[in-house]
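Just so it is clear, the structure is predicted and the values come from calculations on it, not from any experiment.
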Amino acid sequence: MAASAREDGARGRNQGRRGCEHYDRRCLLKAQQTCEECSTLFGEYYCSICHLFDKDKKQYHCENCGICRIGPKEDFFHCLKCNLCLAMNLQGKHKCIENVSRQNCPICLEDIHTSRVVAHVLPCGHLLHRTCYEEMLKEGYRCPLCMHSALDMTRYWRQLDDEVAQTPMPSEYQNMTVDILCNDCNGRSTVQFHILGMKCNICESYNTAQAGGCRISLDQQ
């Protein structure tokens, strides 16, 4: 058998290469969707570039991504800066970060670019797997990378305004101020200290962090 294979390989070299150089028999290798002899269908979907066989899931091959993706194609566009196919409703409405899809998901640390799980684009531009994003919202509301709010929190901030107004601080804290840094607008401001939260004077977000020690106004001591 080995001798026969070597003879076939020698004939193949004399007739020109057929197949790759590692294939000893040098037979012609051809991947296709159906069998030429019996017309058996190997896969409802076949990509001649990726040589992917699969059931029909409205797949399409994206040349920029370099892989096949689950469609339908008309529902997606390829963002050249993010380097990823995104839903059409995000076209012109998302913040781009150069090659952001080549980073792993900060929640599960798994690849995003080749994942079958849909990527969710946060307002800050960072990506999470859709399933990871949904799990994250059960525990918090901030991007795990930059701490920017991961969704529109305006309604909640106004509710917090009412709670702060209805919860006066003890007299010894009423004149206390503190420097804060806003995670949403990156602005700095000095505001009145409150145990429930400290609102940014610039964008009115409560997604803030204390950036200095508390102090009491000298004119009110």
Side-chain angles (χ1 to χ4, degrees), residues 77-113 115 117-170 172-218 220:
F77 76 100
H78 184 89
C79 178
L80 293 175
K81 188 170 184 179
C82 295
N83 202 4
L84 183 69
C85 286
L86 299 173
M88 289 297 297
N89 60 4
L90 291 174
Q91 192 165 19
K93 299 179 182 178
H94 71 284
K95 181 178 180 180
C96 293
I97 297 179
E98 192 83 27
N99 285 324
V100 68
S101 71
R102 295 306 196 271
Q103 301 174 6
N104 289 339
C105 173
I107 301 294
C108 67
L109 303 181
E110 296 292 336
D111 180 59
I112 289 179
H113 184 75
S115 176
V117 180
V118 176
H120 181 83
V121 185
L122 300 180
C124 57
H126 292 122
L127 298 182
L128 304 176
H129 290 121
R130 168 73 68 177
T131 51
C132 293
Y133 169 74
E134 293 171 351
E135 286 297 317
M136 183 197 74
L137 292 183
K138 297 177 182 179
E139 304 293 335
Y141 64 91
R142 295 184 290 194
C143 170
L145 294 177
C146 66
M147 305 303 287
H148 192 284
S149 294
L151 68 165
D152 184 2
M153 298 290 290
T154 303
R155 184 176 179 179
Y156 178 71
W157 297 155
R158 301 296 73 84
Q159 292 178 353
L160 199 52
D161 280 341
D162 294 338
E163 293 182 20
V164 169
Q166 296 171 17
T167 312
M169 293 292 288
E172 60 266 32
Y173 292 101
Q174 289 182 357
N175 299 324
M176 183 172 290
T177 60
V178 63
D179 295 329
I180 61 171
L181 171 65
C182 179
N183 291 318
D184 286 339
C185 72
N186 295 321
R188 292 178 178 269
S189 53
T190 300
V191 300
Q192 185 175 358
F193 174 79
H194 198 284
I195 191 65
L196 294 181
M198 292 163 286
K199 182 168 70 173
C200 173
N201 284 338
I202 302 171
C203 69
E204 299 188 338
S205 166
Y206 279 91
N207 182 12
T208 60
Q210 187 171 329
C214 297
R215 55 185 180 274
I216 299 177
S217 300
L218 294 176
Q220 298 184 25

Can you tell me how far the [atom1] atom of [X] sits from the [atom2] atom of [Y], to the nearest 0.5 Å?
| X | Y | atom1 | atom2 | result |
| --- | --- | --- | --- | --- |
| Cys85 | His113 | SG | NE2 | 8.0 Å |
| Met198 | Tyr206 | CE | OH | 10.5 Å |
| Cys79 | Leu86 | SG | CG | 6.0 Å |
| Cys105 | Ile112 | SG | CD1 | 5.0 Å |
| Lys81 | Asn99 | NZ | CG | 10.5 Å |
| Met169 | Asn175 | CE | CG | 11.5 Å |

Step-by-step side chain to side chain contact (heavy atoms under 4.5 Å, CB included) determination, Lys199 to Val164
CA-CA 10 Å; Lys199 182 168 70 173; Val164 169; over 6 Å; no

Side-chain donor or acceptor of [X] paired with backbone N/O of [Y] under 3.5 Å:
| X | Y | value |
| --- | --- | --- |
| Gln192 | Gln174 | yes |
| His129 | Asp111 | yes |
| Asn183 | Ala209 | no |
| His94 | Leu122 | no |
| Asn201 | Thr190 | yes |

State, to 0.1 Å, how close [X] and [Y] come at their nearest heavy-atom pair, and which atoms those are.
| X | Y | answer |
| --- | --- | --- |
| Cys200 | Cys203 | SG-N, 3.5 Å |
| Cys124 | Lys95 | O-CD, 3.2 Å |
| Leu181 | Ala211 | N-CB, 4.1 Å |
| Met176 | Glu172 | CE-O, 4.4 Å |
| Glu163 | Leu196 | O-CD1, 3.7 Å |

Min side-chain heavy-atom separation [X]-[Y] under 4.5 Å:
| X | Y | answer |
| --- | --- | --- |
| Cys132 | Cys108 | yes |
| Thr177 | Phe193 | no |
| His126 | Ile97 | yes |
| Leu84 | Val100 | no |
| Ile202 | Cys182 | no |

Take atom CG of Leu109 as the centre, draw a 6.0 Å sphere, and report whether it contains more than 12 heavy atoms from other residues, nucleotides or ligands.
yes

Any chance you could lay out the side chain to side chain contact (heavy atoms under 4.5 Å, CB included) test for Arg158 and Thr154, step after step, and finish with the verdict?
CA-CA 6 Å; Arg158 301 296 73 84; Thr154 303; 3.8 Å; yes

Got a sec, which residues hit ring pair (Phe, Tyr, Trp, His ring centres under 6.0 Å) with His120, two or more places apart in sequence or on another chain?
Tyr133

Ring pair (Phe, Tyr, Trp, His ring centres under 6.0 Å) partners for Tyr141, two or more places apart:
Trp157

Exercise: do Asn207 and Ser205 side chains pair donor with acceptor under 3.5 Å
no

Using the test side chain to side chain donor-acceptor pair (under 3.5 Å), find all partners of His78 that sit at least two apart in sequence or belong to another chain.
Asn83

Under-4.0 Å salt bridge between Asp179 and Arg188
no

